Enquirer: 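Below is a structure I'd like to ask you about.
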Amino acid sequence: MTRPLTPRWYSPAEVAVLLGFGISKVKMKIATGELRSIKDGKYRRVLPEWVDEYVREQVQRQEAA
C-alpha cells in the first residue's frame, strides 16, 4: 500500500499556484520579506507552514482594517 508524498517545501512557482499569484508577485513578496524562504544551493524554497503563516497574516491584516 502506497500513499502520496506530501511536499516538505515548495518552489516559488508552486507557491504561486497555491496562492493564485503570478511567479513575479511571489518573488517580490520573498524579496521584501513578506513571505519567508530559504536558499538551497541555487534554489529558493518555501516551507508549507510559511505559506500558511503568510495567509494568516493577510487575513489578520484585513480583519484589523
Side-chain angles (χ1 to χ4, degrees):
M1 179 185 243
T2 62
R3 64 177 201 186
L5 295 175
T6 303
R8 304 289 290 174
W9 56 22
Y10 301 116
S11 69
E14 291 170 320
V15 173
V17 171
L18 285 170
L19 296 177
F21 292 165
I23 186 71
S24 297
K25 186 170 184 174
V26 171
K27 288 181 178 181
M28 185 266 305
K29 292 196 174 290
I30 289 171
T32 61
E34 283 185 76
L35 180 60
R36 291 176 62 187
S37 70
I38 60 166
K39 195 97 156 117
D40 180 38
K42 66 178 185 174
Y43 300 105
R44 182 78 42 197
R45 298 291 182 229
V46 180
L47 295 175
E49 54 263 31
W50 293 344
V51 175
D52 295 340
E53 178 181 296
Y54 170 79
V55 171
R56 196 168 29 258
E57 288 172 0
Q58 294 305 306
V59 169
Q60 289 172 349
R61 189 173 295 142
Q62 286 294 312
E63 289 176 345

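The figures here come from the full heavy-atom set of this structure, side chains too, leaving out hydrogens, waters and symmetry mates. Note that this is a predicted model, so its numbers are computed, not measured.
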Enquirer: In terms of hydrophobic clusters joined by side-chain contacts under 4.5 Å, are Ile30 and Ile38 together?
Expert: yes

Enquirer: Distance check, rounded to the nearest 0.5 Å: Gln58 atom CD versus Lys29 atom NZ?
Expert: 5.5 Å

Enquirer: Walk me through whether Tyr10 and Val17 qualify under side chain to side chain contact (heavy atoms under 4.5 Å, CB included).
Expert: CA-CA 10 Å; Tyr10 301 116; Val17 171; over 6 Å; no

Enquirer: Report the distance from atom CZ of Phe21 to atom CE of Met28, rounding to the nearest 0.5 Å.
Expert: 8.5 Å

Enquirer: Tell me which donor-acceptor pairs under 3.5 Å the side chains of residues 45-53 have, and how far apart each pair is, sequence neighbours excluded?
Expert:
none

Enquirer: Spell out, as yes or no, whether a donor-acceptor pair under 3.5 Å connects the side chain of Glu14 to the backbone of Ser11.
Expert: yes

Enquirer: What closest approach, in Å, do Arg44 and Pro12 show between heavy atoms, and which atom pair accounts for it?
Expert: O-CD, 3.3 Å

Enquirer: Is there a continuous path of hydrophobic side-chain contacts, each under 4.5 Å between heavy atoms, that joins Ile23 to Leu18?
Expert: no

Enquirer: Evaluate Tyr54 against Arg36 for side chain to side chain contact (heavy atoms under 4.5 Å, CB included), listing each step before the verdict.
Expert: CA-CA 8 Å; Tyr54 170 79; Arg36 291 176 62 187; over 6 Å; no

